[in-house]
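Note that ligands are numbered from 1 as they come in the structure, with each ligand's atoms numbered from 1 the same way. This is a predicted model, so every value here is computed, not measured.
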Amino acid sequence: EKEHTGDFHIEEAVEWPGLDLRLGQVSGLALDPENNLVLFHRGDHVWDENSFDSKFVYQQRGLGPIEQNTILVLNPSNAKLLHSMGKSLFYLPHGLSIDKNGNYWVTDVALHQVFKLGADDKEPLLILGVALQPGSDKNHFCQPTDVAVDPITGSIYVSDGYCNSRIIQFSPNGLYVNQWGEETSLGRARPGQFHIPHSLALIPDYSQLCVADRENGRIQCFRLETGEFVREIKHKSFGRELFAVSYVPGGLLFAVNGMPYPGEAEPVQGFVMNFSTGEIIDTFIPLRKSFEMPHDVVASEDKTVFVGDVHARAVWKFASTEKMEHRSV
Ligand SMILES: O=C(N[C@@H](O)C(=O)O)c1ccccc1
């Protein structure tokens, strides 16, 4: 009988033409049920130092919403545009995820809102949060960063956000159910404390929700039903910031970290981890150009990985070059 000992490597798919799509800041990536790549970008708007006041109120309303289509559906092989939507709706796109029915779930950090959109371009199916009003109660977010929808229960989880430190759970029709998380106290970051919960990965096989705890440079995982802390995944090679996390059925967890601060050793890169052990089994960087601020990562079952970069305004594709040594036993 043959035994496979896969030596897992991924490297950039250099035939992918997604590096110069002339997009705005690419903030969110997801794969739809047909495995098309969907991206969320900011068109001609940018998030910079002048975008918010000290109370996190968006300062550039005068610009109006982004007139370009902010949600693009691309062919995952050749980056050809298949469909686009989402114009005149958003000010500062951030997170994007797609549920098992193909609905798009997005966050806008300027509006402080979460939207559920059908794949057509009709009215949003659900909006959570109050437009342009930051807050931290049951119906106000503060720069919410991502959404994850449980494929089994339909429960909605929101990572809230740059100016809050919590995960909020809503029922499938948007009623507040539960929340957990608190600000990171000075000194050590304890379990359940966040410093920008920045990206979510829902792990149905283990009924866990994993969070990229960005400025604590770590991933924290919690029980879906209760929000109870399960474990932290942290590696020295993550450096100071861990921006995004994504799970692919079969047990692999993907992540991207932040640029090193001056004088720090850990380079900006992508990570492939074994979910159950938390161990890093591969790292990856582009061959063409280089990561600047990799902001989201998404992987498909065949281990194709896409990374969107909010500064480089680029989308890289990586593919596994698994070398299978065949040993007869
Ligand atoms: O983190 C920032 N941005 C990115 O996450 C992003 O989503 O663009 C940011 C921080 C301070 C000022 C301006 C931008």
Side-chain angles (χ1 to χ4, degrees), residues 21 23-30 38-61 63 65-66 68 70-72 86 89-97 105-115 129 132 134 141-148 158-165 183-184 194-201 211-219 238-246 255-262 264 268-270 290-298 306-316:
L21 295 172
L23 299 170
Q25 295 185 313
V26 179
S27 63
L29 292 183
V38 185
L39 66 84
F40 197 27
H41 75 106
R42 297 181 179 146
D44 57 2
H45 285 202
V46 294
W47 181 356
D48 58 26
E49 303 64 47
N50 314 311
S51 301
F52 294 91
D53 70 7
S54 61
K55 292 190 174 48
F56 309 105
V57 175
Y58 183 56
Q59 299 295 298
Q60 292 156 340
R61 261 192 79 188
L63 296 174
I66 299 164
Q68 295 96 324
T70 55
I71 297 174
L72 307 183
L89 265 178
F90 304 113
Y91 290 80
L92 280 181
H94 198 273
L96 163 68
S97 71
W105 294 81
V106 297
T107 73
D108 183 313
V109 290
L111 289 170
H112 305 286
Q113 288 181 302
V114 170
F115 295 77
L132 300 163
F141 303 115
C142 195
Q143 297 173 330
T145 54
D146 204 5
V147 194
V158 178
S159 41
D160 178 37
Y162 284 82
C163 30
N164 281 334
S165 304
E183 217 170 307
T184 299
F194 296 110
H195 186 183
I196 307 184
H198 191 254
S199 160
L200 296 175
V211 185
D213 184 5
R214 174 170 150 178
E215 299 303 307
N216 285 326
R218 65 179 181 178
I219 297 164
F238 283 176
R240 253 195 240 206
E241 293 177 310
L242 202 277
F243 270 69
V245 62
S246 177
V256 285
N257 68 349
M259 285 282 264
Y261 283 63
E264 289 190 338
V268 59
Q269 60 188 330
S290 32
F291 287 154
E292 292 178 25
M293 185 182 261
H295 199 259
D296 202 358
V297 57
V298 69
F306 294 95
V307 173
D309 190 304
V310 80
H311 278 188
R313 303 184 184 206
V315 178
W316 286 272

Legend entry - atom 4 (C) of ligand 1 protein-contacted (non-hydrogen atom, under 4.0 angstrom):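 Given the 4.0 Å limit, the answer for atom 4 (C) of ligand 1 is yes, a protein heavy atom qualifies.
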Inset, instruction - Indicate whether atom 14 (C) of ligand 1 is within a distance of less than 4.0 angstrom of some protein heavy atom. - result: yes
Inset, instruction - Heavy-atom contacts with His94 under 4.0 Å: which atoms of ligand 1 show up? List them by number with element. - result: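 Ligand 1 atoms under the 4.0 Å threshold to His94: 7 (O).
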Legend entry - Contact partition for Arg214 relative to ligand 1, non-hydrogen atoms under 4.0 Å: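 For Arg214, the contact with ligand 1 is made by the side chain alone.
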Legend entry - Within reach of ligand 1, part of His311 (heavy-atom separation under 4.0 Å): neither
Could you say whether the N/O atoms of [X] and ligand 1 ever approach to under 3.5 Å?
X     : value
Gln25 : no
Trp47 : no
Asp48 : no

Legend entry - Side-chain heavy atoms of Val211 within contact of Leu200, under 4.5 Å: yes
Inset, instruction - Taking the side chain as every heavy atom from C-beta outward, state whether Gln143 and His112 have any atom pair closer than 4.5 Å. - result: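 They are in contact (side-chain heavy atoms under 4.5 Å apart), so the answer is yes.
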Legend entry - Neighbour count >12 (heavy atoms, 6.0 Å) for atom CD, Glu183: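 Open.
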Legend entry - Distance-only side-chain donor-acceptor flag, Gln60 / Ser51, under 3.5 Å: yes
Inset, instruction - Might you work through the side-chain contact (heavy atoms from CB on, under 4.5 Å) test for Tyr58 and Leu63, ending with a clear yes or no? - result: CA-CA 11 Å; Tyr58 183 56; Leu63 296 174; 4.3 Å; yes
Legend entry - For atom 8 (O) of ligand 1, closest protein heavy-atom neighbour: Arg42 NH1, 2.7 Å
Inset, instruction - Check if Tyr162 has a non-hydrogen atom at a distance under 4.0 Å from any atom of ligand 1. - result: yes
Legend entry - Pairing residues for Tyr162 by the ring-ring contact (aromatic ring centres under 6.0 Å, His included) criterion, not counting sequence neighbours: Trp47, His94, His198
Legend entry - Passing candidate, side chain to side chain contact (heavy atoms under 4.5 Å, CB included) with Phe40, options Leu72, Asp108, Asp296, Thr70: Thr70
